[in-house]
Amino acid sequence: MHAWPASEVPALPGKGRDLQIHDTATQGKITLDPGPVARLYVCGITPYDATHIGHAATYNAFDLVQRVWLDTKRQVHYVQNVTDVDDPLLERALRDGHDWTELAERETALFREDMTALRMLPPQHYVGAVEAIPGIVPLVERLRDAGAAYELDGDVYFSVEADPNFGQVSNLDAAAMRLLSAERGGDPDRPGKKNPLDPMLWMAAREGEPSWDGASLGRGRPGWHIECVAIALEHLGMGFDIQGGGSDLAFPHHEMGASHAQVLTGEFPMAKAYVHAGMVALHGEKMSKSKGNLVFVSKLRRDGVDPAAIRLALLAHHYRADWEWTDDVLTEAVARLGRWRAAVSWPDGPSADALVDEVRAALADDLDAPAALAAVDRWAALQADTGGDDPSAPGLVSRTVDALLGVAL
Ligand code: 5CA
Ligand code: ZN
């Protein structure tokens, strides 16, 4: 499917720094060394409700990854999926009496608008689960033929025991995995499974639900993890640089995806780094579509909030932190945007050469956006205090904030 329009990324003088990023699998910071083309897969939305601030915060983190890479004069090959058929989407459509395809299309369209307004760079390949089905079916058949998958009442399950590296992404013990599996779309209690954690690869057609031709698998629809594996392998291949998402995707989604891919290809690992953003909460609880405690990006925009202020509100928090959305967070971001805009509207100002490097250094160090904002704050405060006589400074600050933080002043 089509993605959304790209905002232009200004080129900055000199060259950026290589990205060091926290990898969930190895539980530490690693320095990535992508070739001339860095490869990124970010898990996309399940489009049954509008983009909330939690989604936006996660996509903001991976937008920063791309901006750091682009600043090192690399190209970025970026792929994102849309889980446009899955249980929660079908359940919501049924509850509200909507057609599930219309619901998915409407919410995906709104997501595109939100991403465009927030200046998030678009993926080169934006792929829906439904359109990926012809690529998913042969992968499930291969897993089954290799003895890594088995059938249970027509459904096909992946056997986690087929992967000697199972557990490498999330580093959790069996009890924690079992709990999270039940919470996050798995069915550990279903009788007849070889291992309670085994995830579904292909779900046989259910009465009243959409289904597709699955060749030797029979009619049905794809499991969630194999969806992202099929899309990532088709468009990026094994050994890409980063798979990203919120921390709630580390297990089971990224763990299972890594296992599927490694058993399929015999190669290890699928992604060089597994990168996870913290969870944004509202009123003390994780913002989630199922709980309904949501602040929608589109609603804020309709209320007249400048998208640049929303973006600054996201950037004020380190991507790995769990944090809480409050009115104050937005008020502070609006005030900061005002200060920065005033500071760059002067014909000259204090030299900004050091600032460019400070912002680069902050982001290259595990995407420390709060440190980057602090550096711009210091320049803006100096401008307001004493001003300066460098006529190139305000333009350079604008371009730096635009190129590296995605904020248009
Ligand atoms: N379609 C799947 C991924 S393949 C999915 O998880 N969709 S989602 O719509 O539920 O979430 C989209 C992204 O937003 C995921 O990376 C998820 O981890 C992230 N996310 C969801 N809720 C929050 C939150 N409260 N804070 C931060 N990120 C969140
Ligand atoms: Zn995914």
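Start at 1 and go down the list; that is how both ligands and their atoms are numbered. What you see is a predicted model, and the numbers here were worked out from it, not measured in a lab.
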If I apply the N/O under 3.5 Å rule, does [X] come out as touching ligand 1?
{"X": "C228", "result": "no"}
{"X": "D248", "result": "yes"}
{"X": "T46", "result": "yes"}
{"X": "T58", "result": "yes"}
{"X": "M287", "result": "yes"}
{"X": "H253", "result": "no"}
{"X": "C43", "result": "no"}

- [ ] Give the contacting part of V82 toward ligand 1: side chain, backbone, both or neither, where contact means a heavy-atom distance below 4.0 Å.
- [x]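 Neither part.
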Minimum heavy-atom distance [X]-[Y], with the two atoms named:
{"X": "T72", "Y": "R17", "value": "CG2-O, 3.3 Å"}
{"X": "N165", "Y": "E255", "value": "O-OE2, 4.5 Å"}
{"X": "V156", "Y": "A149", "value": "CG1-CB, 3.9 Å"}

- [ ] Using the ring pair (Phe, Tyr, Trp, His ring centres under 6.0 Å) rule, take H254 and H276 through it: C-alpha gap first, then chi angles, then the decisive distance, then the call.
- [x] CA-CA 10 Å; H254 290 170; H276 294 111; 5.0 Å; yes
[X]: numbered ligand 1 atoms lying under 4.0 Å from its heavy atoms:
{"X": "G245", "answer": "16 (O)"}
{"X": "T83", "answer": "1 (N), 2 (C), 4 (S)"}
{"X": "G278", "answer": "26 (N), 27 (C)"}
{"X": "N81", "answer": "4 (S)"}

Please answer whether the main-chain N or O of [Y] pairs with a side-chain N or O of [X] as donor and acceptor at a distance below 3.5 Å.
{"X": "D198", "Y": "N195", "value": "yes"}
{"X": "D187", "Y": "R190", "value": "no"}
{"X": "E324", "Y": "V280", "value": "no"}

Open item on the list: Under 6.0 Å between ring centres: does that hold for H2 and Y126?
Closed with: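 Ring-ring flag for H2/Y126: false, centres at least 6.0 Å apart.
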Quick one: look up the protein heavy atom nearest [atom] and list residue, atom name and how far away it is.
{"atom": "atom 4 (S) of ligand 1", "result": "W224 NE1, 3.1 Å"}
{"atom": "atom 12 (C) of ligand 1", "result": "Y59 OH, 3.5 Å"}
{"atom": "atom 6 (O) of ligand 1", "result": "L249 CD2, 3.5 Å"}
{"atom": "atom 16 (O) of ligand 1", "result": "G246 N, 3.0 Å"}
{"atom": "atom 26 (N) of ligand 1", "result": "V280 N, 2.9 Å"}
{"atom": "atom 21 (C) of ligand 1", "result": "H55 CD2, 3.7 Å"}
{"atom": "atom 10 (O) of ligand 1", "result": "K289 NZ, 3.8 Å"}
{"atom": "atom 2 (C) of ligand 1", "result": "G44 O, 3.3 Å"}

Task: With V407, the side-chain contact (heavy atoms from CB on, under 4.5 Å) member among D306, L315, I310, T400 - done: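 With V407 as partner, side-chain contact (heavy atoms from CB on, under 4.5 Å) holds for just one option, L315.
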Open item on the list: So if I apply the side-chain contact (heavy atoms from CB on, under 4.5 Å) rule between D84 and each of E105, M1, E131, which one comes out positive?
Closed with: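 Among E105, M1, E131, the one that satisfies the side-chain contact (heavy atoms from CB on, under 4.5 Å) with D84 is M1.
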If we only consider heavy atoms of [X], is any one of them less than 4.0 Å away from an atom in ligand 1?
{"X": "P47", "value": "no"}
{"X": "A57", "value": "no"}
{"X": "H276", "value": "no"}
{"X": "E227", "value": "no"}

Task: Audit row: Y59, F111, ring pair (Phe, Tyr, Trp, His ring centres under 6.0 Å) steps and yes/no - done: CA-CA 11 Å; Y59 295 108; F111 178 72; 5.4 Å; yes
TODO: Just do the ring pair (Phe, Tyr, Trp, His ring centres under 6.0 Å) check on H77 and H235 with the steps written out, would you?
DONE: CA-CA 9 Å; H77 194 162; H235 295 287; 7.6 Å; no
Open item on the list: Tell me if the NZ atom of K299 is crowded by more than 12 foreign heavy atoms within 6.0 Å.
Closed with: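 Not buried by this count: 12 neighbours or fewer within 6.0 Å.
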Open item on the list: How about CG on D327, more than 12 heavy atoms from neighbouring residues, nucleotides or ligands closer than 6.0 Å, or not?
Closed with: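 Result for CG/D327: open.
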Task: the Zn ion (ligand 2) reached by H254 (N, O or S, under 2.8 Å) - done: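 It does not: H254 brings no N, O or S atom closer than 2.8 Å to the Zn ion (ligand 2).
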Task: Metal-centred angle, the Zn ion (ligand 2) as apex - SG of C228, SG of C43, 10° resolution - done: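 Once rounded, the angle between the two atoms at the Zn ion (ligand 2) is 120°.
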Task: Spatial distance of atom OG1 (T83) from atom CD1 (I45) [nearest 0.5 Å] - done: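 If I round to the nearest 0.5 Å, the distance is 8.5 Å.
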